[in-house]
Colleague: 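Have a look at this one.
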Amino acid sequence: MAVSLSNSLLPKTFQPKTTSNLPSARILWTSFTLHRYQSIKFPSFQRELTVSAISGSPGKMNLILCCVCFWWEIGVESSGLVAEDIASLLDSVEVFDLNGKGIPISDLWKDRKAVVAFARHFGCVLCRKRAYYLAAKKELLDASGVALVLIGPGSIEQAKTFSEQTKFKGEVYADPTHSSYDALKFVSGVSTTFTPKAGLKIIEAYMEGYRQDWKLSSEKDTVSRGGWQQGGIIVAGPGKTNISYIHKDKEAGDDPDIEEILKACCS
């Protein structure tokens, strides 16, 4: 699942107004339908919105249209709100470079734009494929002044081994406490790891020559979390709170289209 935090995703009619005196709001996107003229009350704003059908089957509309109308009407800024919340959660997160130096994670994009990939763990075969497909665009990223960064949940030694094995062209950092994953609310669990799609992608990766490092995969830093952690990709900077794109893996191997990333970072 990818979320771009740009106003350009909304039709011009629904471009949000910039209003500073409104309370914060979170819009939850879902897919159930509403019947014609059904009213919705949003208690935090004490505003009632009457919905009529705009498109689709007669008398029905998708709730996503309702959310867009509501968002537009009350004037919640479409960027900023989510980005600032995430930036606040990341504010205390520290990652470590290959020399063991601790760095506030937001310093990685404070003074530059960066594509930051979050691996499942340093031994993961699918993460090695992700590293390759991002590194294949390194020249284009360099030409656009965009840094390429990979963060993994694990030790500094694991990060070093990953870097040596993959010859990854970007920067590699370790997050031993998994704090960045918790802050970004990346999903975790057996059900997100062993899925039919993930199984097919693992077979595909092996056929393409990628290999799991089982020694890294069975080390304490990985096993202690079960190896069920999923990752994602963000585009951020320059500026600590400037997070313009977020992709959260729904399952193992859930890579976004590379063109989607390039559009977010280099267009």
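Being a predicted model, the structure only gives us computed values, none of them experimental.
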Colleague: Kindly state each residue pair satisfying side-chain hydrogen bond (donor to acceptor under 3.5 Å, both in side chains) with at least one member in residues 106-119, sequence neighbours excluded.
Modeller: Arg112-Glu171

Colleague: Hey, does His247 have a side-chain heavy atom less than 4.5 Å from the side chain of Asp254?
Modeller: yes

Colleague: Using a 4.5 Å cut-off on heavy atoms from C-beta on, say whether the side chain of Val116 contacts that of Ile233.
Modeller: no

Colleague: Determine, for Arg130 against Asp249, whether the closest basic-nitrogen to carboxylate-oxygen distance falls under 4.0 angstrom.
Modeller: yes

Colleague: Quick one: are Cys266 and Leu141 in side-chain contact, heavy atoms under 4.5 Å?
Modeller: yes

Colleague: Quick one: does Arg120's side chain have a donor or acceptor within less than 3.5 Å of a partner on Gln229's backbone?
Modeller: yes

Colleague: Out of the candidates Leu150, Val235, Leu262, only one should pair with Val115 under the side-chain contact (heavy atoms from CB on, under 4.5 Å) rule; please name it.
Modeller: Val235

Colleague: According to salt bridge (charged side-chain N to carboxylate O under 4.0 Å, His left out), does anything in residues 145-163 pair up with another residue at least two apart or in another chain? List the pairs.
Modeller: Glu157-Lys160

Colleague: Using a side-chain heavy atom cutoff under 4.5 Å and only I, L, V, M, F, W and Y, what cluster partners does Leu200 have?
Modeller: none

Colleague: Could you tell me which residues satisfy side chain to side chain donor-acceptor pair (under 3.5 Å) with Gln165, sequence neighbours excluded, listed by chain and number?
Modeller: Arg128, Asp213

Colleague: Would you find more than 12 non-hydrogen atoms of other residues, nucleotides or ligands less than 6.0 Å from Tyr132 atom OH?
Modeller: no

Colleague: Sequence neighbours left out, what passes salt bridge (Lys or Arg N to Asp or Glu O under 4.0 Å) with Glu219? Give chain and number order.
Modeller: Lys215

Colleague: Could you pull out all residues at least two apart from Thr192 that satisfy side chain to side chain donor-acceptor pair (under 3.5 Å)?
Modeller: Gln230

Colleague: Would Phe96 end up clustered with Leu108 when hydrophobic side chains under 4.5 Å apart are linked, directly or stepwise?
Modeller: no

Colleague: Got a sec, which residues hit side chain to side chain donor-acceptor pair (under 3.5 Å) with Thr166, two or more places apart in sequence or on another chain?
Modeller: none

Colleague: Who are the ring pair (Phe, Tyr, Trp, His ring centres under 6.0 Å) partners of Phe186, not counting sequence neighbours?
Modeller: Phe118, Tyr181

Colleague: Could you list all the salt bridge (charged side-chain N to carboxylate O under 4.0 Å, His left out) pairs where at least one residue sits in residues 132-154, not counting sequence neighbours?
Modeller: Lys138-Asp142

Colleague: With sequence neighbours excluded, tell me which residues meet side chain to side chain donor-acceptor pair (under 3.5 Å) with Ser180.
Modeller: Asp175

Colleague: Measure from the side-chain N and O atoms of Lys169 to the backbone N and O of Leu134, and report whether any donor-acceptor pair falls under 3.5 Å.
Modeller: no

Colleague: Using links of under 4.5 Å between side-chain heavy atoms of ILVMFWY residues, direct or through other members, which residues join Ile203 in one cluster?
Modeller: Met207

Colleague: To the nearest 0.5 Å, what is the distance between OG1 (Thr195) and CD (Glu251)?
Modeller: 3.5 Å

Colleague: Only counting residues at least two apart or in another chain, list the ones meeting salt bridge (Lys or Arg N to Asp or Glu O under 4.0 Å) with Glu94.
Modeller: none

